[in-house]
Visitor: 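Below is one structure. I have some questions about it.
Here the structure is a predicted model, which means the values were calculated and not measured. By convention in this document, chain letters (A, B, ...) are assigned in the order of the sequence lines, proteins followed by strands, and residues within each chain are numbered from 1.
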Amino acid sequence: MVKGLNLKVTVLFLACFAFASCTPKPIPIGFIGGLSGFNADLGISGRNGVSLAISAINKAGGIHGRKLELLVRDDKQDPEMAPVVFQELVSEQVVAVIGPMTSAIAQVLIPLANKSQIPLISPSASSPDFSGLDDMFIRLTTPNVNESLGLAQESFQRGARKTCVIDDLSNQAFSKAIVRTYTAELRRLAEEKGKEIAVVALPFDPKDPQGMQTILIGLARYQPDILLFATNSLDTALLAQGIRKKGFTMPFLGTGWSMSQTLIENGGSAVEGMVFTVPFNPNSETKAWKDFSALYAETFGKPADFGAHQGWNAVQVLAGGIAKGGTRNIKEHIINTQYQGLQSSFVIDAFGDPVIPFQRLEISSGKLVAHE
Amino acid sequence: MNRSIRKTLIIMISLTGLLPVIIMSIGIFISIQRGINDTVIQRNQLLAKSIALSVEQQIRDATTLLISTTEHVDAVKDAEYKKFMEASLVSSGVYESFYAINEQGRVIYSIPQNDVFTGFDFSQQTVIRQVMNRSTPAPAYSSVFISTQTKNPTIVIAVHQPYGIFAGYLNLIWLSRLSNSLGNEQITSLSIVDRYGTVIASRDKAFVEEQYSIANTELFAWAQKSGKGTLHHRFENNDVITSVNFIPGPNWYVFISEPEKSAFRASRDVLFIGLIVAVFAIIGAVLVGYTLGWSILVSIQLLTEESQQVQAGVYRDIQHASNYAEINRLIETFNAMSDEVQKREIQYEEANRQLEHALQQKEILLKEIHHRVKNNMQIVSSLLSLQADELVCEEDREYFENSRLRIQSMAMVHEKIYQTQGLESLPLKDYLQDLVELIMANNQTFMEYAVTGVAPIISLNQAIPCALSVFEACMNAVKYGKDNDGYVKLAIAIQQEEQNWVRIIVKDSGPGFPADFDPAKSRSLGFTLMLGLMDQLKGTFNWYTNQGAVVEFLFPLQ
């Protein structure tokens with residue numbers, strides 16, 4: 001059933017992106033992301049960004065005359081499903097896999113990628129556990145350590161003494177790393193100033209109907225003076241609304257995972273003032289980003305977000321590697337190279353980690369605004 | 001060009017019998033195919049239109065229900081209407097949830113979540129912003145999204161009423177149920193996509209859950225341009241026909257897709273049946289043609305064999321009854337012809353026998369004539385010899401002797417003639433040898449001779465002039481061709497020239513012709529005869545000295 005489903009998925013994408021039957025043979029590229037179930041927004045955005053990028057490359061004639069063929073698989077954000085769909089793509093002889101979109105799935109797939117020697121290029125997996133390793137894993141977003149450091153500094157500068165982090169149990173590879181590094185950095189900063197600071201992680205299960213209530217009880221108990229959401233956009237929005245409704249007025253901090261139009265639309269005034277330290281700005285003024293945003297909105301009927309941005313960039317990195325050295329040793333041709341992204345240039349280092357400048361963004365009047 | 005009757009019959013039967021049937025069948029097939037294809041396309045278009053109307057009506061009904069239910073409700077004050085609205089909108093199963101929102105975009109209450117969302121700020125939601133700016137209750141429709149609660153595609157319908165904003169979450173699972181309810185699920189598929197090309201209803205739930213987009217496909221571009229109709233396109237390496245119908249309001253598109261091979265299966269079935277019938281018809285035609293041809297060929301084979309027998313002189317009546325009157329008439333005619341040929345052959349044999357008999361008689365007679373001519377000439381020769389004996393003058397005797405030899409040489413011609421088979425010609429070389437021996441026997445001269453060259457056959461008409469000519473030349477040689485020892489060495493060469501001419505060279509070993517020799521002045525009878533005889537043979541006569549006297553005769557053989 002799953003196999004049949006995936007076949008149809010592939011066929012639909014072939015119909016979307018393949019032009020008339022062409023020679024020479026197209027280069028098969030896999031995509032793995034969470035396209036259904038909870039937290040599917042990021043996967044769907046990533047897939048949309050990837051598909052637009054591949055469509056653009058193919059319309060421009062492909063890479064050295066060869067077009068790209070996208071094979072899409074849904075990992076359902078299930079660590080047991082991910083290896084199955086990865087093996088399907090391996091049997092389809094893909095030259096590289098773009099994905100997964102989350103660290104939890106990346107943790108499962110990296111050993112398989114190393115074993116099969118197929119580059120695994122994640123647009124958005126940000127766990128620091130994957131940094132500094134000479135393996136087949138390449139990613140387009142910096143380890144969330146950097147993000148956590150920025151959020152910790154933001155918290156400390158605002159004079160926080162008791163902070164809480166809402167820890168999403170459905171994406172522990174991401175949220176645990178956020179909690180860990182955020183806490184460590186905050187404590188380090190406090191120690192530097194000879195102060196004390198408390199950080200409390202509030203576990204949140206998005207599948208639990210009582211999840212919000214649990215968070216509210218925790219907040220009422222700890223009364224934090226700043227709150228960090230390590231949750232997806234819709235959950236962040238609804239939690240923020242619920243928290244504000246209960247009369248809590250503490251500042252909110254968010255991560256790149258939640259920073260999207262969905263958050264703003266569903267969070268309303270509750271998410272006003274929420275701050276992010278991210279390598280991505282949905283209101284970037286670069287021409288490339290504006291063109292991409294317009295195309296994305298025209299194609300999918302919604303604004304381009306972080307996932308779409310990362311998906312596009314991931315394809316550019318992969319295409320650059322293939323253009324440079326063909327379909328063999330792609331990883332060697334990707335690393336230690338500078339790329340021009342939609343919003344800024346970035347470097348993929350020898351370990352396949354990106355070096356990207358971070359920005360501080362704040363939701364102001366229903367928009368994300370960049371602040372120094 | 002040799003043609004097989006069997007093949008010709010097959011072709012004739014095929015052309016006369018099958019061709020009209022095949023042409024008619026093709027015409028019928030094309031008509032049926034067009035009819036089926038048009039019917040299938042019309043069916044799918046009708047289906048797409050019906051579904052589009054149904055969906056449009058459902059959305060309109062839901063919108064109307066929302067508008068009519070809320071038009072007199074004060075979102076802030078009339079909280080007692082909650083139960084009424086819950087019963088009308090949610091419990092009825094039309095809406096998944098319902099929100100009453102104030103002018104600032106904050107939720108006053110929600111159904112069925114009770115107070116969970118109360119106080120939530122929805123002012124940033126696109127669909128709420130749209131109606132907040134409106135003064136009329138014109139509905140606004142959100143994009144289709146997957147509900148986190150139900151995991152189903154959902155659309156928000158919002159209206160701005162005089163006393164508040166009301167938004168209903170419409171669960172669109174019934175769209176997928178609509179897809180699933182379509183029969184022939186392995187063949188015909190129903191999909192509904194939103195204005196951006198994102199699949200919101202499909203038999204395959206994954207397409208909906210994963211928000212797949214067909215925005216970049218030829219199909220969607222065509223659908224946006226056309227609004228309705230049917231497109232033939234490629235999908236999954238198959239030819240597919242897809243009928244589309246636009247749904248105004250939410251601006252969706254209904255697609256009814258079906259692989260051409262299944263959609264037009266009936267056409268293929270008709271073609272298949274037609275082909276099977278055609279194959280059987282052709283096989284039948286071949287068999288009929290073969291059978292008919294076989295029957296005729298047996299008769300023709302028999303006639304051929306009997307004709308060969310007639311050629312070999314065997315005459316038999318053909319006892320064969322064919323199914324065809326023409327063949328039977330041919331056999332009767334053949335038998336009559338065979339009888340007639342046999343009769344004529346008998347007659348010819350009899351005539352031949354008579355002719356052969358007459359010919360034999362004639363040959364005997366001719367031989368007898370030649371024999372008698374020869375005998376008569378011998379008698380004349382003997383008489384001349386007797387007469388010569390009485391002559392005193394040597395010169396006269398020589399004249400007589402020469403004349404006698406001339407007669408002898410002519411008699412030899414007749415002797416040679418009746419000794420040969422044909423009675424019309426004789427071998428020239430043999431004759432000349434006999435002639436020279438005759439001359440030798442009648443002259444007291446030491447001489448030797450040689451007759452060389454080819455051995456042509458010469459006709460009776462030419463034999464005597466030729467014989468007399470050579471005789472005269474030989475006599476000249478005997479008379480004047482002696483060498484110093486009184487010896488005559490005579491050489492006669494016969495040469496075959498082009499165009500059946502023959503050259504006879506008579507050469508002696510004597511001193512040759514005198515330098516002032518002129519046959520005209522010499523009044524020689526021999527040269528006079530040779531000139532006259534060569535004229536008679538339409539030939540030439542030449543003489544010269546070449547280590548002896550040489551006389552050449554050149555004339556055409558008849």
Visitor: B:Glu260: what forms a salt bridge (charged side-chain N to carboxylate O under 4.0 Å, His left out) with it, not counting sequence neighbours?
Guide: none
Visitor: So which heavy atom on A:Gly301 is nearest to which on B:Ser143, and how close?
Guide: O-OG, 4.1 Å
Visitor: Distance from A:Lys76 atom NZ to B:Glu209 atom CD, nearest 0.5 Å?
Guide: 6.0 Å
Visitor: Answer yes or no for A:Arg47 and B:Tyr212: cation-pi contact, defined as NZ/CZ to six-membered ring centre under 6.0 Å and angle to ring axis within 45°.
Guide: yes
Visitor: For A:Gln93, is the CD atom crowded, meaning more than 12 foreign heavy atoms sit under 6.0 Å from it?
Guide: no
Visitor: Run the side-chain contact (heavy atoms from CB on, under 4.5 Å) check on A:Leu238 and B:Phe120 step by step: do they pass?
Guide: CA-CA 8 Å; A:Leu238 297 179; B:Phe120 276 27; 4.0 Å; yes
Visitor: What part of A:Leu234 is in contact with chain B, defined as an atom under 4.5 angstrom from a non-hydrogen atom: side chain, backbone, both or neither?
Guide: side chain
Visitor: Would you tell me whether B:Gln124 and A:Lys367 have side-chain atoms, one donor and one acceptor, within less than 3.5 Å of each other?
Guide: no
Visitor: Need one label for A:Ala297: side chain, backbone, both or neither, based on atoms under 4.5 Å from any heavy atom in chain B.
Guide: backbone
Visitor: With side-chain contact (heavy atoms from CB on, under 4.5 Å) as the criterion, how do B:Arg106 and A:Lys245 come out once you've worked through the C-alpha distance, each side chain's angles and the decisive distance to 0.1 Å?
Guide: CA-CA 11 Å; B:Arg106 287 203 174 273; A:Lys245 180 182 162 187; over 6 Å; no
Visitor: Please find the pair of heavy atoms, one from A:Glu298 and one from B:Tyr196, that lie closest to each other, and give the distance.
Guide: O-CD2, 3.9 Å
Visitor: Listed by chain and number, what are the salt bridge (charged side-chain N to carboxylate O under 4.0 Å, His left out) partners of A:Asp291, not counting sequence neighbours?
Guide: A:Lys287
Visitor: State whether a side-chain donor-acceptor pair under 3.5 Å links B:Gln125 with A:Asn266.
Guide: yes
Visitor: Most heavy-atom pairs under 4.5 angstrom with chain A, which of B:Thr126, B:Asp194, B:Ile128?
Guide: B:Thr126
Visitor: Any side-chain to backbone donor/acceptor pair from A:Gln241 onto B:Asp121? Under 3.5 Å, distance only.
Guide: yes
Visitor: Got a second to check how far B:Phe145's CZ is from A:Ile44's CD1, nearest 0.5 Å?
Guide: 13.0 Å
Visitor: To the nearest 0.5 Å, tell me how far B:Gln211 CD sits from A:Asn48 CG.
Guide: 8.0 Å
